[in-house]
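All chains are named by letter (A, B, ...) in the order of the sequence lines, taking the proteins before the strands, and each is independently numbered beginning at 1.
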Amino acid sequence: MIDSTQAAALTLTLPDGSQRTVAPGTMPSEVVKSIGERLLMAAVAVEVNGAIQDLVTPLRTSGTFRVLTERDATSLDVLRHSAAHILATAVRRLRPDAKIGFGPSIDEGFYYDFEVAEPFTPDDLAAFESEMRKVVAEKYPFVREEVSRAQAQLRFTDDPLKLERLSELGEDEIISTYTDGPFIDLCRGPHVPDTSRLKHFKLTHTAGAYWRGDSKRQMLQRIYGTAFFKKDELDAHLLRIEEARKRDHRVLGRQLDLFMMHQFSPGAVFWTERGTVVYNALNDFIRERQRDDFHEIKTPLLYNKALWEISGHWGKYKENMFLVLDNETGEHDFSLKPMNCPSHYLLYQSKKHSYRELPLRYVTFDVLHRNELTGALSGLTRVRQFQQDDCHVFLREDQITDEVHFLLKFILSYYETFGLTAKLKFATRPEVRIGSDEMWDRAESSLKTALEATGMEYELKEGDGAFYGPKIDFDVLDSIGRPWQLGTIQLDYSNPERFDLTYVGEDNSAHRPVIIHRAVSGSLERFIAILIEHFAGAFPVWLAPEQVRVLPITDEYNGYAEQVTKQLHDAGIRVHLDARSETLKYRVAEGARMKVPYMVVVGKREAEQGTVSVNVRGAGKEQKANSLPLDEFVSRVVKEDKSRTLTLEAHG
RNA sequence: GCUGACGUAGCUCAAUUGGCAGAGCACCUGAUUUGUAAUCAGGCGGUUGCCAGUUCGAUUCUGGCCGUCAGCUCCA
């Protein structure tokens, strides 16, 4: 710790360029107050040299000085972390036996972990929330104290989890505690000035969570909540959760009759006739995109463990593989493949390759099996059996930049077709890795060059790469702004060695290729889940299981309706005729519920004029009479289907 | 896998303080012939997830199993 009494005076540079000179150890609150009393009222925290700290942490360094108010994004983290302390304050009052764990702010709000004999119930949650309101009303200041290790140990004698954390702190670290009223916590801060700053919050749910995320340690009870500075922001957040719930692909999947799951095959999907249409439409799209520059192959699903020993999966990934009993040996010598990579290598290896063939891109839609933990399974997003739009590129090292550029463009334009936007993440060498530093230097710089050539912004994820090479990950944002990690481009220098892959170079000698692993959709199952939620079940025409539904007004016009249906069908449109003796209103309502893009109503007028009256999805009761000649409607739908248009345009 | 909650008709959900399990929708039949978001009537439909135990009696209570859901990554 710096001995502040003897250090030189600090110089603080404010955003307007003006400077203040203060003694080391001065509280930021004093500096803020000197700028303006009202600013002090609005201040949540300060930023010194880019590092956030609260108003009651002594200043120790010179540099830039900025006051953070509710308008600054980082202030929200401070508020939420303080909310976690307020939650703990409330819990301790009502359940004095609760031992405290960690209570950080997270993307969506905050949580606090407690060790208790009896798990919390929803009633407890309501009680904690109202107790929190009392703590807020009592307006306790968050008091910071810097203490010695021995003092800290004394303060947390009853909290073994805190003591454990304390024991891990380095010798030179400042140990601080924060107190709000009756509650004291070992905490680095920063915090808002007092508990009354927390106005708009809600406890959302509880769940078990392992201490330090380690399944070997004890299970704690975690309480999740969220907090905002403004009421409308909290309301908007809760509304977004509600909106996400309405879009839940598991609910829509049943409603729209797309797929089902069965307890006899947990984690595997039964695609209905309608769901299969969506699946195939997606598959056709990917195939079409990959027709020119890729080579589609199909490889076995079942392999002898010898392959997995070479690939290293037998040692590292066996838990996640479905092993198959070989009756002849009585051993589980075979396994369903959990990934396509090794099978692609085997095919590559089976013949000699010239440098002229490279880059060589193998793509596969084979079925994969991964034995995920039962508790990890969830709808279509986490399954045990799935297909990937998997690609392995074999290339020369000097082709990396061009190839990555090619794949980046390919992936981004793919997402664009669905109206999805992507954010890029560049992940570099992890601590545990294979290959020389020199190799990593080359790999990272090639990837980075290619990435920067796109001119797109990206986030650097240092140390997040695969153990065999750096990668670019694609975080896709759906229509309600939720991120999903989908595509990936991974450089691999390791497997060419393991599998002794070669190509014949210009010099007529054998060279080692590099491999790029590429996925665009991740798994097709999960991608469809995302699409269902992204479109809220209202697929564009090209993906819709049923594109047009024909509704004759009375059975007098069934003949014409059949003619209309046939003409659409012959044009390649997915069309159904609903000539049931239900009222038109009823049939329209049902078609709308199934989110059919177009319903065409035909009666006397249409039969006489050779037209259809087009009901467009989403127009609701505002539906106008969109009368179109049949031929024109058919060609418009065909065009919309072929061009994969996102909006509905085939109407008058 | 672990913690917690849940599992009743195809779906959404009632009910049973341990005593004949019910509604709406869907489905089937009939009537109705409808001009754009639910026409009327009747009917079919259940080993209350599975297996044990307690009990005169279990869908209800107890235990085990299976499945589903929330979470187990955010770090004083």
Side-chain angles (χ1 to χ4, degrees), chain A residues 77 80-81 84-85 100-113 116 118-122 152 156 159 161-169 173-178 185-189 204-224 248 250-251 254-255 257 260-267 319 371-379 551-558 579-594 599-606 613-627:
Chain A
D77 286 332
R80 287 171 170 177
H81 180 50
H85 277 233
I100 48 175
F102 293 160
S105 76
I106 54 175
D107 292 345
E108 298 279 287
F110 62 90
Y111 67 76
Y112 212 111
D113 285 340
V116 282
E118 293 292 316
F120 300 127
T121 65
F156 297 100
D159 277 301
L161 303 178
K162 287 290 171 191
L163 289 177
E164 179 179 329
R165 176 61 199 150
L166 185 62
S167 71
E168 295 166 358
L169 292 175
E173 286 186 75
I174 295 166
I175 298 171
S176 59
T177 65
Y178 277 83
D185 199 353
L186 178 69
C187 179
R188 172 178 56 193
T204 51
H205 57 288
T206 68
Y210 294 108
W211 171 235
R212 317 299 293 261
D214 182 349
S215 59
K216 292 186 186 66
R217 304 295 301 268
Q218 70 266 49
M219 175 75 67
L220 307 179
Q221 292 299 314
R222 176 170 296 178
I223 299 177
Y224 284 93
D248 190 323
R250 293 165 300 197
V251 176
R254 186 180 297 118
Q255 214 172 35
D257 189 25
M260 70 143 197
M261 312 286 259
H262 194 277
Q263 57 167 332
F264 287 168
S265 188
E319 319 262 280
N371 197 356
E372 303 287 353
L373 294 177
T374 50
L377 301 177
S378 178
L551 309 177
I553 288 173
T554 70
D555 50 17
E556 202 178 326
Y557 306 104
N558 283 359
R580 288 177 299 171
S581 81
E582 300 286 352
T583 59
L584 182 62
K585 274 179 189 292
Y586 176 89
R587 286 175 290 153
V588 166
E590 193 189 81
R593 207 169 48 237
M594 294 305 282
M599 284 181 274
V600 296
V601 175
V602 295
K604 184 160 186 278
R605 227 169 24 236
E606 289 74 18
S613 167
V614 184
N615 179 307
V616 188
R617 181 183 62 206
K621 291 175 185 165
E622 305 302 304
Q623 195 70 236
K624 290 198 203 94
N626 290 305
S627 194

| Do Leu377(A) and Pro266(A) come close enough that some side-chain heavy atom pair is under 4.5 Å? | yes
| Interatomic distance at C1', U60(B) relative to U47(B), whole Å | 16 Å
| Atom CD of Gln218(A) to atom C1' of C72(B): distance rounded to whole Å? | 13 Å
| Interatomic distance where CD belongs to Glu108(A) and P belongs to A70(B) [whole Å] | 14 Å
| query | For the side chain of Tyr210(A) and the base of G1(B), is some donor closer than 3.5 Å to an acceptor across the two? | reply | yes
| request: Determine whether Gln221(A) and Asp113(A) make a side-chain contact, defined as any pair of heavy atoms from C-beta on separated by less than 4.5 Å. | output: no
| Taking only side-chain nitrogens and oxygens of Lys585(A), does any of them come within less than 4.0 Å of OP1 or OP2 of A37(B)? | yes
| request: Go along nucleotides 27-33 of chain B 5' to 3' and tag each nucleotide: B for a protein heavy atom under 4.0 Å from its base, S when only backbone or sugar atoms are that close, - otherwise. | output: S----BB
| task | Would you indicate whether the side-chain heavy atoms of Val602(A) and Ile553(A) approach each other to under 4.5 Å? | result | no
| field | Distance between P atoms of C40(B) and G35(B) (Å, rounded) | value | 16 Å
| said: Just the rounded figure in Å: distance from P of C50(B) to NE2 of His262(A). | reply: 12 Å
| said: Using the rule given for salt bridge (Lys or Arg N to Asp or Glu O under 4.0 Å), can you reason through Glu108(A) versus Arg80(A), listing the C-alpha separation, both sets of side-chain angles and the distance that settles it, and then say yes or no? | reply: CA-CA 9 Å; Glu108(A) 298 279 287; Arg80(A) 287 171 170 177; over 6 Å; no
| field | A15(B) to C72(B) separation - P atoms, rounded to the nearest Å | value | 33 Å
| Reckon Ser105(A) touches a base, only the sugar-phosphate, or nothing at all at heavy-atom distances under 4.0 Å? | sugar-phosphate
| field | Beyond-backbone contact of Leu551(A) with Leu584(A), side-chain heavy atoms, under 4.5 angstrom | value | yes
| message | Please check this pair: side chain of Ser265(A) against backbone of His262(A), looking for a donor-acceptor N/O pair closer than 3.5 Å. | response | no
| So does Glu372(A) reach the base of G1(B) with its side chain, donor to acceptor, closer than 3.5 Å? | no
| field | OP1 or OP2 of C72(B) under 4.0 Å from side-chain N/O of Tyr224(A) | value | yes
| query | Quick one: CZ on Arg254(A) to CG on Asp248(A), what's the gap to the nearest 0.5 Å? | reply | 9.5 Å
| note | Given the options Phe120(A), Tyr111(A), Tyr224(A), His205(A) meets ring-ring contact (aromatic ring centres under 6.0 Å, His included) only with Tyr224(A)
| task | Not counting sequence neighbours, which residues clear salt bridge (charged side-chain N to carboxylate O under 4.0 Å, His left out) with Arg587(A)? List them please. | result | none
| task | Report the distance from atom NE2 of His81(A) to atom C1' of C75(B), rounded to the nearest whole Å. | result | 10 Å
| field | Spacing of the C1' atoms in C50(B) and A58(B) (rounded, Å) | value | 15 Å
| query | Ignoring hydrogens and angles, are the base of A38(B) and the side chain of Arg593(A) linked by a donor-acceptor pair under 3.5 Å? | reply | yes
| said: For the C1' atoms, the ones on U54(B) and on U59(B), what distance do you get once it is rounded to whole angstrom? | reply: 16 Å
| CG/Asp107(A) to CG/Asp77(A) distance, rounded to the nearest 0.5 angstrom? | 8.5 Å
| task | Give one of base, sugar-phosphate or nothing for Asp113(A), where a contact means two heavy atoms less than 4.0 Å apart. | result | nothing
| note | The contact string for nucleotides 41-48 of chain B, one letter per nucleotide 5' to 3', using protein heavy atoms under 4.0 Å with B, S and - for base, sugar-phosphate only and none, comes out as --------
| Is the distance from OP1 or OP2 of C69(B) to the nearest side-chain N or O of Arg250(A) less than 4.0 Å? | yes
| field | Results of side-chain contact (heavy atoms from CB on, under 4.5 Å) for Met219(A) - residues two or more places apart only | value | Tyr210(A)
| query | Looking only at atom P, what distance separates U3(B) and U8(B), rounded to whole Å? | reply | 24 Å
| A14(B) to G71(B) separation - P atoms, rounded to the nearest Å | 23 Å
| task | Answer yes or no: is there a side-chain heavy-atom contact under 4.5 Å between His85(A) and Tyr178(A)? | result | yes
| task | Tell me which of Arg212(A) and His205(A) sits closer to the 5' end of RNA chain B, going by the nucleotide each one is nearest to. | result | His205(A)
| remark: Under the rule of Watson-Crick or G-U wobble with both distances under 3.5 Å, where | means paired to another strand and [ ] a crossing pair, RNA chain B maps to (((((((..((((.....[..)))).(((((.......))))).....(((((..]....))))))))))))....
| task | Would you kindly give the CD-to-P distance between Glu164(A) and C75(B), to the nearest whole Å? | result | 16 Å
| note | To the nearest angstrom, the CD-C1' distance between Glu173(A) and C75(B) comes to 13 Å
Could you pull out the protein-nucleic contacts involving nucleotides 8-13 of chain B (nitrogen or oxygen on both sides, under 3.5 Å)?
{"residue": "U12(B)", "atom": "OP1", "partner": "Arg254(A)", "partner atom": "NH1", "Å": "2.9"}

| Expressed in whole Å, how much space separates the P atoms belonging to A70(B) and C27(B)? | 30 Å
| said: Expressed as a whole number of angstroms, how long is the span from Leu373(A):CG to A70(B):C1'? | reply: 16 Å
| message | In this structure, how many angstroms lie between the P atom of C66(B) and the CG atom of Leu377(A), rounded? | response | 13 Å
| request: Would you kindly compare Met219(A) and Arg188(A) by the position of their nearest RNA chain B nucleotide and give the one closer to the 5′ end? | output: Met219(A)
| field | Heavy-atom check, side chain of Ser627(A) versus side chain of Arg605(A), under 4.5 Å | value | no
| Close side-chain approach of Tyr112(A) to Ile100(A), heavy-atom, < 4.5 Å | yes
| task | Give the C-alpha distance, both sets of side-chain angles, the deciding distance and a yes or no for salt bridge (Lys or Arg N to Asp or Glu O under 4.0 Å) between Glu590(A) and Lys585(A). | result | CA-CA 9 Å; Glu590(A) 193 189 81; Lys585(A) 274 179 189 292; over 6 Å; no
| task | Could you work out which one of U36(B), G71(B), G67(B) sits closest to the side chain of Pro266(A)? | result | G67(B)
| field | Side-chain touch Leu220(A)/Leu161(A), heavy atoms, less than 4.5 angstrom | value | yes
| said: Does Gly379(A) reach a base, just sugar-phosphate, or nothing at all? Heavy atoms under 4.0 Å. | reply: sugar-phosphate
